[in-house]
Amino acid sequence: MSSNLGSMPLRYRVTIDREQCMECERCIENCSYGVFRRDGDRILINSRKCTACHRCLAYCPRDAIMLEEQPCDYRSHPVWTRAVRESIYNQARTGKIILAGMGSVANLPIIFDHLMLDACQVTTPPTDPLREPVELRTYLGKKPSKLEFRQKPNGDVELSTELTPNLMLETPIMLGHMSYGAISLNAHVAMARAARETGTYMGTGEGGLHPGLYPYQDRMIVQVASGRFGVNVDYLERGAAIELKLGQGAKPGIGGHLTGEKVSADVSRTRMIPQGSDAISPAPHHDIYGIEDLPQLVNSVKEATERKKPVFAKIAAVNNNAENVAAVARSGVDAIAIDGFRGGTGAAPRVFRDHVGIPIEVAISTADQELRNQGLRNEVSLIACGSIRESTDVVKAIALGADAVYIGTAALAAMGCRVCGNCYQGLCPWGIATQRQDLVDRLNPDVASKQIANLIHAWTLEITELMGAAGINSIESLRGNRDRLRGYMLDEGLLDILDVKSVGA
Amino acid sequence: MAKQVTIDAKGVHYTPLNQQIRKAIEDGADEIVVDNVLGQRFIGDGLRGNATIRVNGVAGGDLAMFMSGPTVIVSGNAEHAPGNTMDSGKVVIHGSAGDAVAHSMRGGKVFVRGDIGYRGGIHMKQYETQRPILVVGGSAQTFLGEYMAGGLLLVLGLDGVMKAREIGSGIHGGEIVIRGDVDEACLAAGAKKLPLTDEDRARIAPVIREFAADFGLDPEPLVNADYTRIVPASARPFAGKYTWE
């Protein structure tokens with residue numbers, strides 16, 4: 001029975017300037033979605049297949065290709081928007097849940113953009129990072145509430161407090177968890193090399209650790225999610241730290257699954273599941289049915305690795321965030337990553353991605369305040385993630401209480417990603433969110449790693465300058481320092497929750 | 001000659017206890033007898049090798065989690081999730097065990113003589129030659145084999161009728177074999193019932209014999225009994241649930 005809804009209007013229109021085009025066919029070669037094809041002496045265009053990935057524009061030697069968004073208007077309506085109507089048509093036709101890629105497209109205000117950073121002037125002079133050290137080295141993990149020393153027989157004094165393992169970062173920017181399966185091996189290798197070069201760490205995601213990443217294992221945070229894919233004692237021992245994934249900002253409260261089509265031979269080997277079978281991560285870990293079970297899981301991982309590695313937990317930012325964070329802190333983890341509602345994903349139900357969760361700015365600030373109130377702040381480090389877009393977001397997140405951040409989409413963009421949001425199709429023309437070998441080969445890990453390292457280096461320099469301008473010479477002095485932030489056009493209630501003063505105050 | 005080490009667990013916290021067991025293995029012990037165990041968790045957690053660990057008492061949660069190789073024999077009961085995410089090796093429990101037994105187990109065997117709690121065999125999965133096996137001598141509770149993605153889950157029902165409901169919800173791999181008939185109403189979405197074929201019987205017979213040998217039972221009545229085999233209705237339970245944006 002065919003649908004009587006007809007076809008949807010074009011989302012994008014692609015045109016070729018025929019005067020400029022020299023018919024070199026690079027557009028045909030580069031487009032994995034099949035927008036271009038040759039027909040006789042012409043290159044024909046099927047705009048319907050376009051995802052706005054920009055690969056054709058980027059590789060057209062004559063700048064002959066143009067791309068417009070939404071060339072066809074519906075009757076304008078403030079309530080029944082194009083997105084709303086097209087979702088209805090899609091679901092009326094299929095009766096299914098709509099899956100979407102990348103972070104939320106909901107048009108909600110971004111709190112980071114309404115927080116202004118402070119700077120020093122004459123009453124307190126700024127610090128000059130060119131000639132004065134500004135320390136960005138960050139240690140993630142438990143800090144002792146007090147230090148004790150003992151005197152040795154020869155009179156020397158030594159530390160008697162036993163320190164728990166910490167991760168040492170040269171910059172407070174880490175590369176967040178994206179699984180092998182969701183993204184390509186070349187993308188993973190590029191990030192791992194960049195992490196090593198910049199003195200930071202990257203997350204494996206929940207897809208296991210591919211042997212191609214073993215040379216970088218000292219820079220990897222291995223993730224244990226509810227599906228336990230690729231998890232064995234060897235995997236746990238390889239990681240510099242272990243992260244228990246309890247939630248994800250793009251889809252709080254639900255699990256995830258990699259469809260069988262994407263479970264290639266290599267992905268199957270890395271996840272340790274049969275080729276072609278669905279890889280299902282249920283919503284909860286089935287050995288955590290209550291908060292009292294979380295310490296059990298944390299300690300089981302710690303016992304398996306002889307308490308030599310920090311254990312992180314990642315949770316999605318939701319309304320009872322402060323209670324969640326305090327509970328997780330008491331479970332014995334060394335760091336908590338909080339993923340805001342704009343976090344990216346390979347695929348999430350659209351309703352979750354755009355409607356569930358809270359912003360990272362609120363989540364990180366309320367977490368930091370609650371941990372301080374309960375005297376637990378030294379027990380865990382906080383990692384902010386989910387829409388960290390630029391260096392100022394990093395500084396603002398730290399001023400709101402984070403120790404460090406994870407970046408995901410920003411790292412993908414550094415490799416070429418145009419944030420077209422079609423990751424779930426597995427056809428990424430940039431060789432990032434795909435397992436198709438001819439596409440994967442397009443991403444040169446040497447070049448991509450250099451670009452990611454450049455991004456981290458550039459942000460690190462900017463963070464140093466911003467801190468210097470604020471008269472702050474160490475990351476410890478910035479952490480939770482809300483006095484260096486002012487809210488601009490934020491309402492009183494939100495300022496109160498963030499514990500930030502208004503501009504001018 | 002086999003080297004045996006005895007450890008007294010009375011009043012010892014699990015971390016030093018596990019350190020002692022690990023040290024004994026490093027020192028070349030083939031058999032480690034741990035006496036007076038009273039709920040210490042994580043015994044055998046992440047251990048490798050071929051040693052046998054005899055746990056005299058009641059083992060705490062996550063027994064043999066992430067274990068890769070050794071054999072653990074428990075004289076009493078075990079708390080929740082023995083064999084959790086286990087890679088290879090064997091766990092033999094002479095008493096009963098709690099919830100989530102063999103959770104995400106990906107290889108090796110867990111044999112429980114008595115009953116198990118809820119969510120037994122949840123998310124068990126297999127890969128190439130690694131095929132996990134959970135055998136329950138007694139009965140199992142509800143949500144047996146939930147999200148099961150591979151392996152064999154065998155329930156012998158030696159001590160009475162099994163009352164588990166919602167069997168195999170979300171199952172997308174592996175098989176659940178239960179002695180006797182199972183009411184269709186006890187199956188969850190995604191699971192379907194099949195009769196046991198002669199080939200299936202030949203496949204599970206060695207497992208039954210090994211189980212019977214471990215617990216001193218006569219295997220023949222069990223080998224020849226009637227069984228119900230429960231398998232996934234689809235290897236892709238969510239395949240029809242989503243459409244693209």
Side-chain angles (χ1 to χ4, degrees), chain A residues 83 86-87 90-91 93-101 105 224 226-237 255 257 259-261 268-269 271-274 276-282 285-287 289 293 296-297 299-307 347 349-350 353 421-422 424-425, chain B residues 14-15 17-19 22 41-48 60-63 65-69 79-81 84-88 99-100 103-107 118-119 122-128 130 143 146-147 149-150 169-170 172-173 232 234-245:
Chain A
E86 290 194 352
S87 292
N90 190 350
Q91 295 192 300
R93 183 180 289 115
T94 62
K96 295 178 180 179
I97 295 170
I98 299 174
L99 272 189
V105 295
V224 176
S226 64
R228 305 279 160 92
F229 298 115
V231 178
N232 58 17
V233 68
D234 188 46
Y235 173 74
L236 299 176
E237 283 180 355
H257 88 270
T259 58
E261 293 94 345
S268 119
R269 189 158 50 246
R271 293 200 176 213
M272 300 179 194
I273 52 169
S277 78
D278 277 358
I280 298 169
S281 280
H285 285 250
H286 288 301
D287 44 9
Y289 270 42
D293 292 337
Q296 172 96 4
L297 180 59
N299 282 305
S300 66
V301 169
K302 289 196 167 191
E303 286 290 308
T305 50
E306 298 180 73
R307 300 188 176 269
R350 190 186 59 89
R353 188 196 63 173
N422 283 269
Y424 49 82
Q425 292 197 38
Chain B
Y14 60 75
T15 299
L17 177 60
N18 286 324
Q19 282 167 347
R22 207 176 269 271
R41 305 176 205 183
F42 317 121
I43 293 172
D45 200 7
L47 283 187
R48 301 170 199 261
D62 288 329
L63 175 78
M65 188 169 182
F66 308 117
M67 191 174 79
S68 184
E79 220 236 326
H80 87 251
N84 192 346
T85 324
M86 186 173 127
D87 227 27
S88 62
D99 297 342
H103 171 2
S104 285
M105 181 179 165
R106 59 173 70 258
Y118 294 82
R119 313 193 300 281
I122 192 165
H123 222 311
M124 261 168 50
K125 50 178 73 73
Q126 68 188 59
Y127 174 65
E128 291 187 341
Q130 282 186 283
F143 305 116
E146 192 176 28
Y147 280 117
S169 62
H172 53 290
S234 159
R236 308 280 317 276
F238 294 119
K241 199 173 170 185
Y242 299 108
T243 181
W244 290 350
E245 193 178 27

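Below, chains carry the letters A, B, ... as their sequence lines are ordered, and counting in each starts from 1.
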Query raised in the report: Counting distance only, does the side-chain N/O of A:Asp287 pair as donor-acceptor with the main-chain N or O of B:His103 below 3.5 Å?
Result: no

Query raised in the report: Side chain, backbone, both or neither: which part of A:Phe229 has a non-hydrogen atom closer than 4.5 Å to chain B?
Result: both

Query raised in the report: What part of A:Arg350 lies closer than 4.5 angstrom to a heavy atom of chain B: side chain, backbone, both or neither?
Result: side chain

Query - A:Val224, part contacting chain B, at a heavy-atom distance under 4.5 Å - result: neither

Query raised in the report: Once you round to the nearest 0.5 Å, how far does CG of B:Asn18 lie from NZ of A:Lys302?
Result: 15.0 Å

Query raised in the report: Any side-chain heavy atom of B:Glu128 within less than 4.5 Å of one from A:Met272?
Result: no

Report task. Please look at B:Ser68 and chain A and tell me whether the side chain, the backbone, both or neither of the residue comes under 4.5 angstrom of a heavy atom of that chain. Result -> side chain

Query raised in the report: Just wondering, more than 12 heavy atoms not from B:Tyr127 lying within 6.0 Å of its OH?
Result: yes

**Report entry** Where A:Val233 and B:Phe66 come nearest, the two heavy atoms and their spacing
**Finding:** CB-O, 3.6 Å

Report task. Return yes if some donor-acceptor pair links the side-chain N/O of B:Arg106 with the main-chain N/O of A:Val231 below 3.5 Å, else return no. Result -> yes

Report task. Please test A:Gln296 against B:Arg41 for side chain to side chain contact (heavy atoms under 4.5 Å, CB included), starting from the C-alpha separation and ending with a verdict. Result -> CA-CA 9 Å; A:Gln296 172 96 4; B:Arg41 305 176 205 183; 2.9 Å; yes

Report task. Tell me, out of B:Gly240, B:Ala81, B:Gly107, who's got the most heavy-atom pairs with chain A below 4.5 Å. Result -> B:Gly240

Report task. Specify which of A:Val301, A:Leu297, A:Asp278 makes the most heavy-atom pairs with chain B at under 4.5 Å. Result -> A:Asp278

**Report entry** Structural part of B:Asn84 lying under 4.5 Å from a heavy atom of chain A
**Finding:** side chain

Report task. Specify the closest pair of heavy atoms between A:Ala304 and B:Asp45, including all atoms of both residues, with the distance to one decimal. Result -> N-OD2, 3.6 Å

Report summary line: So, the part of A:Arg271 with a heavy atom under 4.5 Å from chain B: the answer is backbone

Query raised in the report: Which distance, rounded to the nearest 0.5 Å, do you find between the CH2 of B:Trp244 and the CD of A:Gln425?
Result: 4.5 Å

**Report entry** For chain B, the option from A:Gly421, A:Gly95, A:Ala100, A:Ala83 that forms the most heavy-atom pairs under 4.5 Å
**Finding:** A:Ala100

Query raised in the report: Where does B:Tyr242 contact chain A at under 4.5 Å (heavy atoms): side chain, backbone, both or neither?
Result: both

Query raised in the report: Just wondering, do B:Thr243 and A:Ile97 contact through their side chains at under 4.5 Å, heavy atoms?
Result: no

Query raised in the report: What part of A:Asn422 is in contact with chain B, defined as an atom under 4.5 angstrom from a non-hydrogen atom: side chain, backbone, both or neither?
Result: neither

Query raised in the report: Is the backbone N or O of A:His286 less than 3.5 Å from a side-chain atom of B:Arg119, with the two atoms forming a donor-acceptor pair by type?
Result: yes

Query raised in the report: How many angstroms lie between atom CG of A:Asn299 and atom OG1 of B:Thr15, to the nearest 0.5 angstrom?
Result: 7.0 Å

**Report entry** Under 3.5 Å donor-acceptor, B:Lys125 side chain and A:Gly227 backbone
**Finding:** yes

Query raised in the report: Side chain, backbone, both or neither: which part of B:Ser104 has a heavy atom under 4.5 Å from chain A?
Result: side chain

Query raised in the report: For A:Gln91, is it the side chain, the backbone, both, or neither that has a heavy atom closer than 4.5 Å to a heavy atom of chain B?
Result: neither

Report task. Decide yes or no for B:Met86 and A:Asn232: does some side-chain heavy atom of the first lie under 4.5 Å from some side-chain heavy atom of the second? Result -> no

Query raised in the report: Going from NE2 on B:His172 to OG on A:Ser277, what distance comes out if it is rounded to the nearest 0.5 angstrom?
Result: 6.0 Å

Report summary line: Given B:Met65, B:Arg22, B:Gln126, the one with more heavy-atom pairs under 4.5 angstrom with chain A than any other is B:Arg22

Report summary line: Applying a strict 4.5 Å limit to non-hydrogen atoms, the region of A:Thr94 in contact with chain B is side chain

Query raised in the report: Can B:Gln19 and A:Arg307 be said to form a side chain to side chain contact (heavy atoms under 4.5 Å, CB included), step by step?
Result: CA-CA 11 Å; B:Gln19 282 167 347; A:Arg307 300 188 176 269; 5.9 Å; no

Query raised in the report: Does B:His123 use its side chain to pair, donor to acceptor, with the backbone of A:Pro282 at less than 3.5 Å?
Result: no

Query - Contact origin within B:Phe143 toward chain A - heavy atom pairs under 4.5 Å - result: neither

Query raised in the report: Relative to chain B, which segment of A:Ser226 carries a heavy atom at a distance below 4.5 Å: side chain, backbone, both, or neither?
Result: backbone

Report task. Could you look at B:Glu146 and say if it's the side chain, the backbone, both or neither that has a heavy atom under 4.5 Å from chain A? Result -> side chain

Requested in this report: List the steps, then state whether side chain to side chain contact (heavy atoms under 4.5 Å, CB included) holds for A:Glu303 with B:Asp62.
Outcome: CA-CA 11 Å; A:Glu303 286 290 308; B:Asp62 288 329; over 6 Å; no

